[in-house]
Amino acid sequence: MISLRFQPSTTAGVLSASVSRAGFIKRCGSTKPGRVGRFVTMATAASPLEICVKASITTPNKLGDCPFCQKVLLTMEEKNVPYDMKMVDLSNKPEWFLKISPEGKVPVVKFDEKWVPDSDVITQALEEKYPEPPLATPPEKASVGSKIFSTFVGFLKSKDSGDGTEQVLLDELTTFNDYIKDNGPFINGEKISAADLSLAPKLYHMKIALGHYKNWSVPDSLPFVKSYMENVFSRESFTNTRAETEDVIAGWRPKVMG
């Protein structure tokens, strides 16, 4: 029996999405039923974890464009961990949320009656609490691709086409392309790991934001970057947790226009 239920909260600024599942299902922010995949006894027996995430600013009842929220949701999806998602309007943060997260940041997840912030801390806790399937990335591979996001942001914010920010991004993507060529299809080889789940949402933002604001895309000279993106973006866990294109565009607009 599968159910996916959305209930508007009586507290302003939040929508709660309650999930119960037999196997691997979820379609965030949708009233459509999820899709059935693998049956996991551990996940179905566990109580759903409560997680606060950014709400969409363009579409009611949809997940917002926070790549760090998606990283945590991807980890839960890949580990088949059931969760109760509460979408928070970050432009109108309710009092109950500020008590949970005094800095007003998402994601925050409730572990054993304690609310835990920071996506890195949360994903590490998930790895310890739900060890199967293992997603830990070996330390020597954990930083692969880690500079792509900052160089993408630098290029996106640039107002001078000749300032070298595009080339800096291309250099990082070239390094990543060569790495995946020799070590892929994922950062840790044949199986997806935490490093991929961290990088994938950032590449998704890069693709949409640079495509919209710069009319730019990953060049054909980097085929392994393109295939990597296609590979991770097509995973069910990713399609179930990705932000709407319009939200990504709107989310980066202040950075571009400011």
Side-chain angles (χ1 to χ4, degrees), residues 24 43 49 51 53-54 65-81 83 103 105-109 111 116-156 165 168-210 218 222-243 248:
F24 181 76
L49 292 179
I51 176 172
V53 296
K54 181 180 181 181
D65 64 309
C66 174
F68 305 101
C69 290
Q70 190 183 13
K71 177 175 75 170
V72 172
L73 293 172
L74 280 170
T75 304
M76 291 177 170
E77 288 277 346
E78 291 288 340
K79 286 183 172 292
N80 300 285
V81 176
Y83 54 90
E103 295 183 354
K105 295 181 179 180
V106 289
V108 286
V109 173
F111 291 104
V116 177
D118 191 298
S119 61
D120 288 336
V121 175
I122 294 168
T123 52
Q124 180 59 40
L126 288 169
E127 187 65 31
E128 294 171 0
K129 190 175 180 66
Y130 305 94
E132 296 296 332
L135 294 175
T137 311
E140 66 273 14
K141 299 180 180 180
S143 63
V144 172
S146 62
K147 295 181 180 180
I148 293 174
F149 188 64
S150 61
T151 56
F152 138 60
V153 175
F155 177 40
L156 179 67
T165 54
V168 173
L169 172 60
L170 286 170
D171 289 345
E172 289 299 326
L173 290 174
T174 298
T175 299
F176 185 68
N177 184 82
D178 294 344
Y179 177 88
I180 294 298
K181 177 182 178 181
D182 295 335
N183 301 278
F186 299 109
I187 289 174
N188 194 30
E190 293 297 322
K191 294 184 178 180
I192 200 163
S193 71
D196 302 294
L197 304 184
S198 176
L199 180 60
K202 297 169 184 176
L203 291 175
Y204 180 68
H205 278 238
M206 180 189 76
K207 177 183 177 181
I208 294 172
L210 289 181
V218 175
L222 301 176
F224 291 94
V225 173
K226 298 182 77 168
S227 63
Y228 176 86
M229 291 168 65
E230 291 171 1
N231 191 6
V232 292
F233 294 171
S234 65
R235 291 180 74 85
E236 186 175 27
S237 60
F238 196 93
T239 60
N240 288 347
T241 60
R242 68 189 176 196
V248 176

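Here the structure is a predicted model, which means the values were calculated and not measured. Basis for what follows: all heavy atoms, side chains included, without hydrogens, waters or symmetry-related copies.
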For Pro201 and Phe238, the nearest pair of non-hydrogen atoms, with its separation, is N-CE1, 4.0 Å

Please give me the minimum heavy-atom distance between Arg242 and Thr239, naming the atom from each residue. NH1-CG2, 3.6 Å

Minimum heavy-atom separation for Glu132 to Pro134, with atom names? OE1-CD, 3.4 Å

Starting at CD of Glu78, measure out to OH of Tyr130 and round the result to the nearest 0.5 Å. 16.0 Å

Can we say Lys71 and Asp120 salt-bridge, meaning some charged N sits less than 4.0 Å from an Asp/Glu carboxylate O? yes

Just wondering, are more than 12 heavy atoms of other shown residues or ligands nearer than 6.0 Å to CD in Glu140? yes

For the atom pair CG (Asn177) and CD (Glu172), what is the distance rounded to the nearest 0.5 Å? 12.5 Å

Across all chains, not counting sequence neighbours, the side chain to side chain donor-acceptor pair (under 3.5 Å) partners of Lys141 are Asn188

Go through Val144 and Asn183 one step at a time and tell me if the side chain to side chain contact (heavy atoms under 4.5 Å, CB included) criterion holds. CA-CA 11 Å; Val144 172; Asn183 301 278; over 6 Å; no

In this structure, OG1 of Thr123 is separated from NZ of Lys79 (nearest 0.5 Å) by 10.0 Å

Could you tell me which non-hydrogen atom of Pro117 sits nearest to which non-hydrogen atom of Val121, and how far apart they are? O-CB, 3.7 Å

Rounded to the nearest 0.5 Å, what's the gap from CG on Leu173 to CE on Met206? Could you check? 5.0 Å

Does any non-hydrogen side-chain atom of Tyr83 lie less than 4.5 Å from one of Val109? no

Give the table of side-chain donor-acceptor pairs shorter than 3.5 Å for residues 189-200, with sequence neighbours excluded, one pair per line with atom names and distance.
residue: Ser193; atom: OG; partner: Thr137; partner atom: OG1; Å: 3.0
residue: Ser193; atom: OG; partner: Asp196; partner atom: OD2; Å: 3.4
residue: Asp196; atom: OD1; partner: Ile187; partner atom: N; Å: 3.1
residue: Asp196; atom: OD1; partner: Tyr228; partner atom: OH; Å: 2.6
residue: Asp196; atom: OD2; partner: Ser193; partner atom: N; Å: 2.9

Please check if the side chain of Tyr204 supplies one atom and the backbone of Val248 the other of a donor-acceptor pair under 3.5 Å. no

Salt-bridge test for Arg235 and Glu77: reply yes if a basic N is under 4.0 Å from a carboxylate O, no otherwise. no

With heavy-atom distances below 4.5 Å as the criterion, would you say the side chains of Lys105 and Phe68 are in contact? no

Less than 4.5 Å apart, side chain to side chain, heavy atoms only: is that true for Val218 and Lys207? no

Could you go through the side chain to side chain contact (heavy atoms under 4.5 Å, CB included) check for Val116 and Val108 one step at a time? CA-CA 5 Å; Val116 177; Val108 286; over 6 Å; no

Which atoms form the tightest heavy-atom contact between Pro185 and Asn231, and what is the distance? CB-ND2, 4.0 Å

With sequence neighbours excluded, what pairs up with Lys226 under the salt bridge (charged side-chain N to carboxylate O under 4.0 Å, His left out) test? Asp220

Do the side chains of Thr174 and Leu222 get nearer than 4.5 Å, heavy atoms only? yes

With rounding to the nearest 0.5 Å, note down the distance linking CZ in Phe149 to CG in Leu203. 10.0 Å

For the pair Met76 and Thr241, evaluate side chain to side chain contact (heavy atoms under 4.5 Å, CB included) and give the outcome as yes or no after the intermediate values. CA-CA 10 Å; Met76 291 177 170; Thr241 60; over 6 Å; no

Value for NZ (Lys129) from CD (Gln124), rounded to nearest 0.5 Å, stands at 14.0 Å

Using side chain to side chain contact (heavy atoms under 4.5 Å, CB included), reason through Leu126 and Leu49 one step at a time and then give a plain yes or no. CA-CA 10 Å; Leu126 288 169; Leu49 292 179; 3.7 Å; yes

